[in-house]
There are 2 protein chains.
Amino acid sequence: MSASSGVPDGRRPTLADVAARAGVSTALVSIVMREAKGASAATRERVLQAARDIGYRPDARARLLRSQRSRLLGVQFGLQHPFHTDLVEGLYAAAEPAGYQIALSAVAAGRGEQRAVETLLDDRCEALILLGPQAPAARLAELAGQVPVVSVARRLRPSIPGLEVVRTADDKGARQAVDHLVELGHRDIAHIDGGRAPGAADRRRGYRTAMNRHGLAEHIRIVPGGLTEEDGADAARALSADRPRPTAVLAFNDRCATGVLDVFLRCGIAVPDDISVVGFDDSHLARLAHIDLTTVGQDIPRLAQLAVGRAIARLEADETADETVAVGEQVIAPHLVVRSTTAPPR
Amino acid sequence: MSASSGVPDGRRPTLADVAARAGVSTALVSIVMREAKGASAATRERVLQAARDIGYRPDARARLLRSQRSRLLGVQFGLQHPFHTDLVEGLYAAAEPAGYQIALSAVAAGRGEQRAVETLLDDRCEALILLGPQAPAARLAELAGQVPVVSVARRLRPSIPGLEVVRTADDKGARQAVDHLVELGHRDIAHIDGGRAPGAADRRRGYRTAMNRHGLAEHIRIVPGGLTEEDGADAARALSADRPRPTAVLAFNDRCATGVLDVFLRCGIAVPDDISVVGFDDSHLARLAHIDLTTVGQDIPRLAQLAVGRAIARLEADETADETVAVGEQVIAPHLVVRSTTAPPR
DNA sequence: TCGACTGGTGCGCTCCGGGGC
DNA sequence: TGCCCCGGAGCGCACCAGTCG
């Protein structure tokens, strides 16, 4: 058998095993393991040594079961979204120093948001951080009734109790993109939108507003898209057949923009000479030098930091029965990152 | 407060709450919730209704604490590795139908493998599935002494007890790549290696063997690389200054190859006209039409399926004290995927 | 009085032994 | 003899109320 250490049978060592070996009570071992006060330095060392000897590890589940707080933040994210994995990295960085743990639950092919959230809840996460959730607002409101929920990168009515929103000013981002393109001399600027994806409505609106403001109302052209490369590719195929063809395209996000680049490349439409392309997110993807996408950057570390901060604030507020911390919504400014997929029209 | 349902105070409903409401014992509710036999259809419905009424959800942690089995598979993966996220998708698909849960733990900036594994162990995972682990073999052996460990995509001595290996025949993959390039007419083929990364040694060896077999021993050129885009970029910069410049490059993996493509692009070295590039993995990245990388494909669904299968086999074997299931190593054949980054030299 | 330590209880659940029709 | 159902013990731990110098 693969029992390596300490306890006779294959069992995993427990507090009691350590206690027996150190010749103290389980309560004392608990004190030592939690680094609580109430043990002398000498005993502390003796207990620690005994724990090391038999390879003891506290059982996180039992620990959480007993202590009312779990200090666990459940995170739902899209496995294949570079923007999400970038965010997750930031969430870890923000949560662990604050003494909170992150429980990940991925949304992937064959594993929807419903299932992702359920496993998080079953694991007794104290709060949920949802990255770009697509569930109906009603469902999120229902969730928020059970546990504090932070929605990242999706706008929602801030009035929903228990629900915090951390997001980028998507409309402003779209406006920045349009401004940049207009400044380069473009007038015929199309937008490939994200449909019902989080942020899509605001980006669409920002695009419209900016176009109007530049007196380009008659050039407004919104092509149905989505958040994957495939969606971008479909839209690009439609666009490339259009006459007149736009001289610039603002895609819903970086993945979508990548799909657009692909199709143009294959059609012999040069970027940025024949057409300029702008993405959204500034995820790892956009930074790949081979793609080198001009894009609207979201401040990912900041979003992550705020998301964790809001979740924790919520929890500590619940603890003190103090509801005044309700902020509801944090909106972060985006910033345009100019790379090589935009240029003046010719 | 945000208590939405059922139980008076903010508490999360428990078995006892459901039992009280349905007028039965907690034991019976447990039976119903587990879908075990021992309850009449009528009571079952009544209990279920009560559970729905108060919004009851079983506490996974308490459940696992009590039942000796946790049916939890801990997965360590690299957040930013497309190959890993692809694998994770496959792991979910393989585990859930088999009645096992997946607990994810990411390796990211500021969060090393050690930490990733520790949280998995603390959560009482029954087995560990490590994607491309970089830890020393001794450390993995130690881990395998505590719990069944499956190493995916990293070769290890199969004789380590408790350790299963599921991997691609990396040497064969490298050979396929070289064969392809030679067939196209290349002779001066360089290899950007992965250093100490999982699989790197085998790919390097496969490359060497293939070159020798084709009588190209004097053209063997191994450039230090790594598994990120940055590593690839560094190597490409070195290569592009070399005289004579190779006419083809086999990169350690897709990410590395992407970095190579970037640098060549910026240097005005045309791919595949001036130089051919081959990646490894066939992750999402390689399939992006804009990258459209010729690459050595790993059979990701198969690897995932096998990893889960081996872990489970291990567990069920431990259960019956039957050690004959020890297989140790499963090696899967790779297959070349030809896309647009390879062509005859000119 | 205070620091060092312990016994006992219960977190939410599973499961065994047993009882009633 | 079934099938339904219940009481109660205990998983590994945290934490309270104590006891002892």
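Here is the naming used below: chain letters follow the sequence lines, and residue numbers restart at 1 for every chain.
- For the OP1/OP2 pair of D:dG12 and a distance below 4.0 Å, the side-chain nitrogens and oxygens of A:Thr14 include no atom meeting the criterion.
- Here the CG-OG1 distance, from A:Asp17 to A:Thr14, works out to 4.0 Å after rounding to the nearest 0.5 Å.
- Residue B:Thr26 places no side-chain N or O under 4.0 Å from the OP1 or OP2 atom of C:dG12.
- In terms of phosphate contacts, A:Arg61 brings no side-chain nitrogen or oxygen within less than 4.0 Å of OP1 or OP2 of C:dC13.
- Counting to the nearest Å, the C1' atom of D:dC5 and the CZ atom of B:Arg44 are 12 Å from each other.
- B:Leu28 comes within 4.0 angstrom of the backbone, heavy atoms only, and of no base.
- Counting all heavy atoms, side chain and backbone alike, B:Met33 lies closest to B:Leu15 at CG-CD2, 4.3 Å.
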I'd like to know whether B:Arg111 forms a side chain to side chain donor-acceptor pair (under 3.5 Å) with B:Ser105, so could you lay out the CA-CA distance, the side-chain angles of the two residues, the decisive distance to 0.1 Å, and finally the verdict. CA-CA 10 Å; B:Arg111 193 171 196 269; B:Ser105 190; 3.1 Å; yes
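- Side-chain N/O atoms of B:Ser67 include none lying less than 4.0 angstrom from OP1 or OP2 on D:dC11.
- Rounded to an integer number of Å, the gap from CZ of B:Arg71 to C1' of C:dC13 is 17 Å.
- Among the atoms of the strands shown, only primed sugar atoms or phosphate atoms (P, OP1, OP2) are found under 4.0 Å from some heavy atom of B:Ala39.
- Taking both residues in full, the closest heavy atoms of A:Val18 and A:Ala51 are given as CG1-N, 3.9 Å, listed atom of the first, atom of the second, then distance.
- Remark: C1' of D:dC11 and CZ of A:Arg63 are 16 Å apart, rounded to the nearest angstrom.
- If you measure from atom CD1 of B:Ile31 to atom C1' of D:dG7, you get 12 Å, rounded to the nearest angstrom.
- Put simply, NZ on B:Lys37 is 12 Å from P on D:dG2, counting in whole angstrom units.
- In this structure a side-chain-to-backbone donor-acceptor pair under 3.5 Å is present from A:Arg34 to A:Ser30.
- Atom CZ in B:Arg12 sits about 10 Å away from atom C1' in C:dG12, given to the nearest Å.
- The separation between B:Leu64 atom CG and D:dC13 atom C1' is 15 Å, rounded to whole Å.
- Distance from the side chain of A:Ala27 is smallest for C:dG7 among the nucleotides C:dG12, C:dC13, C:dG7.
- With hydrogens and angles ignored, a donor-acceptor pair closer than 3.5 Å exists between the side chain of A:Arg66 and the base of C:dG10.
- Phosphate proximity of C:dT14 to B:Ser30: present, with a side-chain N or O under 4.0 Å from OP1 or OP2.
- When the P atom of C:dT14 is taken as reference, atom CE of B:Met33 falls 9 Å away, rounded to whole Å.
- Along DNA chain D, the nucleotide closest to B:Arg124 and the one closest to B:Ser40 are compared, and the more 5′ of them pairs with B:Ser40.
- Checking B:Arg46 against B:Leu65, the closest nucleotide of DNA chain D that is more toward the 5' end is the one next to B:Arg46.
- Nearest to the side-chain atoms of B:Ser25 among the listed nucleotides C:dT14, D:dC13, D:dG7 stands D:dG7.
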